[in-house]
Amino acid sequence: MAMVTGLIPILRTAVEATTDYAGRTMWYGFAVVRLLALYVSERPWGRLDQDFDCLINGTFEFCRKACFNEHFNVPVVSLWNTCYVFFVASVLLMELFTSQLRHNLHKAAMKKKKPLSEEKTLTGTWASEHAHKDLVLDFHQQKILLVLYLGCIMLRLVGELAFLYALFWWHLPMVSGEKIVCSTEFCPGPYNCLVRYPAEKRMSLYLLAFLSICVALVSIVFGMYSGCHYLPKTNEKQEVAV
């Protein structure tokens, strides 16, 4: 239910927006797919504390928890969610830029059009003929917006590379399936421990890594294409009103 609730505002924003630009639908598609992947990947990690067992005599529970804290010394699921929030924020940042541009275009159009007395409302405003029309942004003309767009893609790429580093160098070794030898300050041990169901946990990491690699590759290709295609050229066409 929580996942469906999270999908609704993303899909609504993607469908009901009045300003479109190159790649917009693709990025929102990645946001939806990654949210589904997070839901699937979190299930094998939901009972991580119960899946961690140690061969300990005597004060079993205390030393087991001490070994658990020593082994899982970096965040796992919370880090996944943080990276997803970072990805969505980079997408919404572009929405903020396009929204501001649309506001400026409407403001300029309203200044050019002289308000007639019969068009005035009780608040002293008038309706613009572009107010309820969709705009398709042309990056040939909007160079500043293009630079901001490339900046969002670069920010997204940095986030994905950091996420991949965490997956392969932090999380994957934790569920390698090998024997864990534990020795802590409170429980010197050493004790032999293991993590149950390592294959399922590794599979969830592979799924998240696959999607992250896809986003990183698309960001590189799309950023290079946008830079090479739009930056060197000029176009006399303004934003097209649909």
Side-chain angles (χ1 to χ4, degrees), residues 1-4 6-7 27 29-91 153-221 223:
M1 183 62 66
M3 182 192 66
V4 176
L7 284 174
W27 298 122
F30 273 123
V32 172
V33 173
R34 291 193 70 169
L35 185 60
L36 294 173
L38 277 176
Y39 173 76
V40 174
S41 300
E42 288 178 4
R43 295 181 66 86
W45 296 78
R47 297 182 176 180
L48 189 58
D49 180 65
Q50 300 178 12
D51 292 339
F52 187 83
D53 287 332
C54 294
L55 185 61
I56 301 175
N57 296 323
T59 57
F60 169 77
E61 189 65 18
F62 177 81
C63 290
R64 187 189 70 84
K65 290 183 178 181
C67 291
F68 177 86
N69 292 336
E70 182 183 83
H71 185 67
F72 293 99
N73 56 353
V74 294
V76 180
V77 176
S78 60
L79 190 144
W80 300 351
N81 295 329
T82 301
C83 290
Y84 178 75
V85 171
F86 185 83
F87 173 80
V88 173
S90 68
V91 176
I153 293 180
M154 183 61 64
L155 189 66
R156 203 168 299 147
L157 178 61
V158 172
E160 296 305 322
L161 294 178
F163 184 50
L164 287 172
Y165 178 86
L167 289 178
F168 286 112
W169 275 270
W170 290 354
H171 298 163
L172 191 58
M174 293 178 176
V175 290
S176 61
E178 299 178 356
K179 180 180 67 174
I180 303 169
V181 179
C182 170
S183 178
T184 67
E185 180 181 358
F186 300 104
C187 300
Y191 304 108
N192 294 326
C193 303
L194 59 84
V195 178
R196 295 190 296 175
Y197 314 115
E200 294 185 2
K201 293 177 175 60
R202 287 197 299 268
M203 187 62 198
S204 64
L205 296 178
Y206 294 150
L207 174 61
L208 294 176
F210 173 75
L211 290 176
S212 185
I213 291 173
C214 290
V215 174
L217 291 177
V218 170
S219 298
I220 294 173
V221 174

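Computed from a prediction, not measured in an experiment: that's the story for all the values here. When reading the values below, keep in mind they use all heavy atoms of this one structure, side chains included, and skip hydrogens, waters and symmetry mates.
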Nearest 0.5 angstrom please: Asp53 CG to Asn192 CG, how far? 12.5 Å
Heavy atoms from other residues, nucleotides or ligands near OH of Tyr197 exceed 12 (cutoff 6.0 Å): no
Roughly how far, to the nearest 0.5 Å, is the OG atom of Ser90 from the CD atom of Glu160? 8.0 Å
Between Val215 and Phe163, does the side-chain contact (heavy atoms from CB on, under 4.5 Å) criterion hold? Intermediate values first, please. CA-CA 11 Å; Val215 174; Phe163 184 50; over 6 Å; no
Does a sphere of radius 6.0 Å around CZ in Arg196 hold more than 12 heavy atoms from other residues, nucleotides or ligands, not counting ones at 6.0 Å or beyond? yes
Say whether, by atom type as modelled, one donor and one acceptor occur between the side chain of Arg34 and the main chain of Ser212 under 3.5 angstrom. no
How about Leu194 and Lys179: do any of their side-chain heavy atoms sit closer than 4.5 Å? no
Output for pair (Leu208 CG, Met203 CE), nearest 0.5 Å, gives 10.5 Å
Taking every heavy atom of His71 against every heavy atom of Met174, the minimum-distance pair comes out as NE2-O, 2.9 Å
Could you report the tightest heavy-atom contact between Leu79 and Ala166, atom names first, then the distance? CD2-CB, 3.8 Å
Nearest heavy-atom approach of Val175 to Arg202 is O-NH1, 2.9 Å
Taking all non-hydrogen atoms of both residues into account, name the closest pair between Phe72 and Trp45 and its distance. CE2-CZ3, 4.2 Å
Flag yes if more than 12 heavy atoms outside Trp170 fall under 6.0 Å of its CH2 atom; otherwise flag no. no
Verdict with reasoning, Trp80 to Ser204, per side-chain contact (heavy atoms from CB on, under 4.5 Å): CA-CA 11 Å; Trp80 300 351; Ser204 64; 4.3 Å; yes
Checking side-chain contact (heavy atoms from CB on, under 4.5 Å) for the pair Thr82/Phe86: CA distance, chi angles, key distance, verdict? CA-CA 6 Å; Thr82 301; Phe86 185 83; 5.7 Å; no
Could you measure the distance from the CG atom of Leu164 to the CG atom of Leu205? Nearest 0.5 Å is fine. 11.5 Å
Quick check for you: to the nearest 0.5 Å, what is the distance between Phe30 atom CZ and Phe87 atom CZ? 7.0 Å
For residues Leu207 and Ser41, report the shortest heavy-atom separation together with the two atoms involved. CD2-OG, 3.7 Å
Between His171 and Val74, does a side-chain contact (heavy atoms from CB on, under 4.5 Å) hold up when you go through it step by step? CA-CA 8 Å; His171 298 163; Val74 294; 4.2 Å; yes
Gap separating the SG atom of Cys187 from the CZ atom of Arg64, nearest 0.5 angstrom: 11.5 Å
Is the gap between the SG atoms of Cys54 and Cys67 under 2.5 Å? no
Nearest heavy-atom contact between Cys182 and Cys193 is CB-SG, 4.1 Å
